Amino acid sequence: MAKPPPHAIQPTRSEDYPEWYQQVIRAADLAEVSPVRGCMVIKPWGYSIWENMQAALDRMFKSTGHVNAYFPLLIPMSYLEKEAAHVEGFAKECAVVTHHRLEPDGEGGLRPAGPLEEPLVVRPTSETIIGEMYSKWIQSYRDLPILINQWANVVRWEMRTRLFLRTTEFLWQEGHTAHATQAEAEEETRKMLDVYADFAENWMAMPVIKGEKTAEERFPGAVATYSIEAMMQDRKALQAGTSHFLGQNFSRAQEIKFQDETGQEAYAWTTSWGVSTRLVGGLIMTHGDDDGMIVPPRLAPQHVVILPVLRGDDSSAAVMEYCHTLKSQIEAESFNGQPVRVALDARDIRGGEKTWQHIKRGVPIRVEIGPRDMEGDHCFVGRRDQPPKQKESIPRAQFVSTLAEQLQNMQQQLFDRALQAREEATRDIDTLDEFRDFFTPKQPKQPEIHGGLARCHFSEGEEMSAILKELKVSLRCIPLESEREDGECIFSKRPSHRRAIFAKAY
RNA sequence: CGGGCUGUAGCUCAGCUUGGCUAGAGCGCUGCGUUCGGGACGCAGAGGUCGUAGGUUCAAAUCCUAUCAGCCCGACCA
């Protein structure tokens with residue numbers, strides 16, 4: 001008999017983190033690469049997680065006064081040309097539609113025919129088409145604010161792709177708002193950043209740092225870009241959501257004008273903000289372990305899976321009946337304001353294999369029910385944030401009545417664990433030598449997990465850019481909650497009044 | 001777009017240097033049996049015109065040419 005591997009996922013995180021990531025996606029049945037270059041197929045388990053994210057975010061957007069709408073996938077190329085910085089930023093990664101018809105090529109294949117007068121760009125983001133519509137909708141200050149969100153897919157022709165983290169096509173939401181005053185637009189930008197942080201921490205159990213991006217990392221065309229930054233278990237940073245204050249840049253380019261209360265003509269102040277399926281990647285890398293994914297209860301497609309232990313004798317029918325009853329009892333409980341989501345896995349496959357499938361997918365709670373448990377009216381319970389073999393027999397009534405508590409406890413555990421990992425990998429660094437050391441792997445050929453979040457004094461310029469490029473480190477953000485502190489830039493020795501977060505990043 | 005590499009079974013790959021029986025393995029899949037509060041084992045079986053097109057040859061997965069696709073390293077990035 002073959003000895004089972006010590007962990008469900010090979011290699012482990014410490015052996016080869018990038019490969020581990022891919023293997024988790026496969027083992028948890030989240031997604032796979034499609035035949036289309038750079039594009040992924042999101043499988044039901046992965047998509048359900050995304051749907052749960054959507055549902056939670058959508059409620060948050062609506063409760064902050066936003067409504068959903070939908071704008072076209074295809075954007076006239078000339079629209080992108082209107083805002084100079086914006087074109088510059090996105091031109092290189094646009095997919096372009098140039099024809100509208102196919103015809104036989106005479107060799108059994110097809111070729112494009114019917115060239116378009118003006119090429120259409122597949123949206124990389126929708127500021128331009130939405131702005132165009134806003135310019136028609138907005139005439140008076142009474143038309144403002146406009147607070148619209150859209151759930152959509154976008155395409156960015158990236159050179160290198162990784163499932164969920166960077167794919168050619170991805171799913172996201174993009175909020176686009178227009179306001180009468182600068183203050184109101186700035187407030188909106190920050191409010192949505194807060195919504196993202198709230199979602200990341202309280203739903204994804206992923207601690208984040210809210211901060212502002214530097215000019216270099218700013219969204220093309222924005223006046224200010226804010227992001228939430230999370231740290232993954234390999235100590236690299238992941239930009240998990242962005243919120244942009246666009247000032248009047250887009251409204252000037254797109255003529256989004258209105259008459260204010262005094263009858264004066266003014267340009268609207270706009271914002272945009274988004275999160276994407278990248279968050280699923282963040283979830284994997286924040287909580288996953290060497291046995292696969294761990295889904296935080298609040299986002300789990302299933303909170304509980306019931307695994308009947310069937311011996312193939314006459315006890316089976318009774319066990320199944322017991323399981324069905326248990327299932328409805330569990331469904332009657334609520335967690336996080338909704339019925340507890342429970343599945344009964346009665347598939348005719350080996351018990352061990354079945355159990356491991358659910359472990360790899362990250363289902364928070366597994367309950368095994370066999371004749372013995374049934375007799376004693378007990379549940380044999382395993383929790384995904386604990387080792388696979390560590391299971392506990394709990395009286396059924398107690399198990400059911402404490403389920404919500406267990407789930408909440410696990411949600412909290414995951415957050416605490418992630419926060420602790422981040423804190424352990426965060427350092428104040430005040431010298432360039434220490435900075436280099438922090439971000440240089442000891443084994444250059446196959447870098448071990450190293451680095452983390454470095455908090456340093458800085459001053460933007462050539463000196464800093466050169467060193468960051470050399471070490472493949474980037475300035476993630478200037479934290480909003482940081483205290484003013486006098487010091488000097490570790491790269492240029494120029495005076496500095498604030499620390500920024502530096503890290504290697506996805 | 002520059003540099004390196006790979007296309008053989010559903011997946012991971014061996015075979016190619018030095019052309020030669022019916023193209024192989026592991027995993028997965030199907031069936032039967034033994035097991036089973038646990039990622040099991042045995043036996044039997046299904047599954048491939050070797051990326052595509054041409055060429056050389058008595059003979060091509062293997063050699064040559066072209067072509068397509070993908071991967072890795074750079075510049076870009078939610």
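Here is how names work: the chains are called A, B, and so on, in the same order as the sequence lines, proteins then strands, and each is numbered from 1. All values derive from a computational prediction rather than experimental measurement.
- In summary, the side chains of N52(A) and R298(A) do not present any donor paired with an acceptor at a separation below 3.5 Å, with no hydrogens or angles considered.
- Within the nucleic acid shown, S276(A) comes within 4.0 Å of at least one base atom, counting heavy atoms only.
- Between the CD atom of Q357(A) and the C1' atom of G38(B) there is a distance of 13 Å, rounded to whole Å.
- A salt bridge is absent between E229(A) and K210(A): the closest approach of a Lys/Arg side-chain nitrogen to an acidic carboxylate oxygen does not fall below 4.0 angstrom.
- The side chain of V309(A) lies closest to G37(B) when the candidates are C36(B), C76(B), G37(B).
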(request) Take E174(A) and T125(A) through the test side chain to side chain contact (heavy atoms under 4.5 Å, CB included) and record every step on the way to the result. (result) CA-CA 8 Å; E174(A) 45 183 327; T125(A) 178; 3.6 Å; yes

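- For K391(A) and G39(B), the NZ to C1' distance is 11 Å, given to the nearest whole Å.
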(request) Go along nucleotides 69-74 of chain B 5' to 3' and tag each nucleotide: B for a protein heavy atom under 4.0 Å from its base, S when only backbone or sugar atoms are that close, - otherwise. (result) -S--SS

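- Protein atom CD of Q23(A) is 13 Å distant from nucleotide atom C1' of C27(B), rounded to whole Å.
- The salt bridge (Lys or Arg N to Asp or Glu O under 4.0 Å) search around E368(A) returns K391(A), not counting sequence neighbours.
- With sequence neighbours excluded, no residue satisfies side-chain hydrogen bond (donor to acceptor under 3.5 Å, both in side chains) with T189(A).
- Here, G51(B) and A40(B) have their C1' atoms 38 Å apart, quoted to the whole Å.
- Listed by chain and number, the residues in a salt bridge (Lys or Arg N to Asp or Glu O under 4.0 Å) with R436(A) are E470(A) (sequence neighbours excluded).
- Considering only residues two or more places apart in sequence or on other chains, N202(A) meets the side-chain hydrogen bond (donor to acceptor under 3.5 Å, both in side chains) condition with D198(A).
- Residue R347(A) contributes atom CZ, which lies 13 Å from atom C1' of G39(B) at whole-angstrom precision.
- Comparing atom distances between the R350(A) side chain and each of G38(B), A40(B), A78(B) picks out A40(B) as nearest.
- Residues A505(A) and F380(A) each lie close to RNA chain B; by heavy-atom proximity, the contact nearer the 5' end of the strand is made by F380(A).
- Distance from the side chain of W356(A) is smallest to G39(B) among A78(B), G39(B), C76(B).
- Atom CD in E470(A) sits about 13 Å away from atom P in A75(B), given to the nearest Å.
- Paired runs in RNA chain B that reach 3 or more consecutive Watson-Crick or G-U pairs, where each pair keeps both distances under 3.5 Å, cover B:1-7 with B:68-74, B:10-13 with B:24-27, B:29-34 with B:40-45, B:51-55 with B:63-67.
- With sequence neighbours left out, H176(A) forms a ring-ring contact (aromatic ring centres under 6.0 Å, His included) with no residue at all.
- Taking the C1' atoms as reference points, A46(B) lies 11 Å from A9(B), given to the whole Å.
- Heavy-atom distances under 4.0 Å link RNA chain B to R278(A) of residues 278-291 of chain A, given in residue order.
- Nucleic acid contact for G370(A): base, since at least one base atom lies under 4.0 Å from a heavy atom of the residue.
- U12(B) and G28(B) are spaced 15 Å apart, taking the P atom of each and rounding to whole Å.
- The gap from the C1' atom of C5(B) to that of A78(B) amounts to 30 Å, rounded to the nearest Å.
- For A60(B) and U49(B), the C1' atoms lie 13 Å apart once the distance is rounded to whole Å.
- Residue P371(A) is in base contact, counting any heavy-atom pair closer than 4.0 Å across all strands shown.
- Sequence order on RNA chain B of the closest nucleotides to A240(A) and E353(A) puts E353(A) first from the 5' end.
- Taking the side chain of R26(A) as heavy atoms from C-beta on, and the options C11(B), A78(B), G38(B), the nearest nucleotide is C11(B).
- Spacing of C1' atoms, U8(B) relative to G15(B), comes out at 9 Å, to the nearest Å.
- Side-chain proximity of K469(A) to U35(B), A75(B), G37(B): nearest is A75(B).
- Counting only heavy atoms from C-beta on, A8(A) has its side chain closest to G39(B) among A78(B), G37(B), G39(B).
- Atom-to-atom, CD of E368(A) to C1' of G39(B) comes out at 12 Å; the value is rounded to the nearest Å.
- Computed from coordinates, the R218(A) CZ to A78(B) P distance equals 14 Å when rounded to whole Å.
- Here E186(A) does not pair with K191(A) in a salt bridge; the nearest charged N to carboxylate O distance is not below 4.0 Å.
- Shown here are the ring-ring contact (aromatic ring centres under 6.0 Å, His included) partners of H66(A), two or more places apart in sequence or in another chain: W273(A).
- For Y79(A), the ring-ring contact (aromatic ring centres under 6.0 Å, His included) test picks out no residue, with sequence neighbours left out.
- Comparing A78(B), C76(B), G37(B) by their closest approach to the side chain of R156(A) singles out A78(B).
- In this structure, L238(A) reaches neither bases nor backbone, as no heavy-atom distance under 4.0 Å exists between it and the strands shown.
- When the P atom of A75(B) is taken as reference, atom CH2 of W157(A) falls 22 Å away, rounded to whole Å.
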Could you pull out all donor-acceptor pairs under 3.5 Å where a side-chain atom in residues 42-50 of chain A meets a protein atom, sequence neighbours excluded?
from, atom 1, to, atom 2, distance (Å)
K43(A), NZ, D29(A), OD1, 2.7
K43(A), NZ, E32(A), OE1, 3.3
W45(A), NE1, R361(A), O, 3.1
S48(A), OG, P44(A), O, 2.8

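- Using a 4.0 Å heavy-atom criterion, one finds that Q239(A) contacts the sugar-phosphate atoms exclusively.
- Between U62(B) and U57(B), the two P atoms lie 16 Å apart (nearest whole Å).
- Checked by atom type, the side-chain pair E127(A)/S272(A) shows a donor-acceptor distance below 3.5 Å.
- For A78(B), the base is stacked against the aromatic ring of F170(A), per a cut-off of 5.5 Å between centres and 30° between planes.
- Within the nucleic acid shown, T168(A) has no heavy atom closer than 4.0 Å to any nucleic acid atom.
- Minimum atom distance to the side chain of K360(A) is reached by G39(B), of the listed A78(B), G39(B), G37(B).
- Judged as a salt bridge (Lys or Arg N to Asp or Glu O under 4.0 Å), and not counting sequence neighbours, K360(A) has no contacts.
- The C1' atoms of A61(B) and G19(B) are separated by 10 Å, rounded to the nearest whole Å.
- Annotation: cation-pi geometry not satisfied between R476(A) and F502(A) (NZ/CZ under 6.0 angstrom from ring centroid, within 45° of ring axis).
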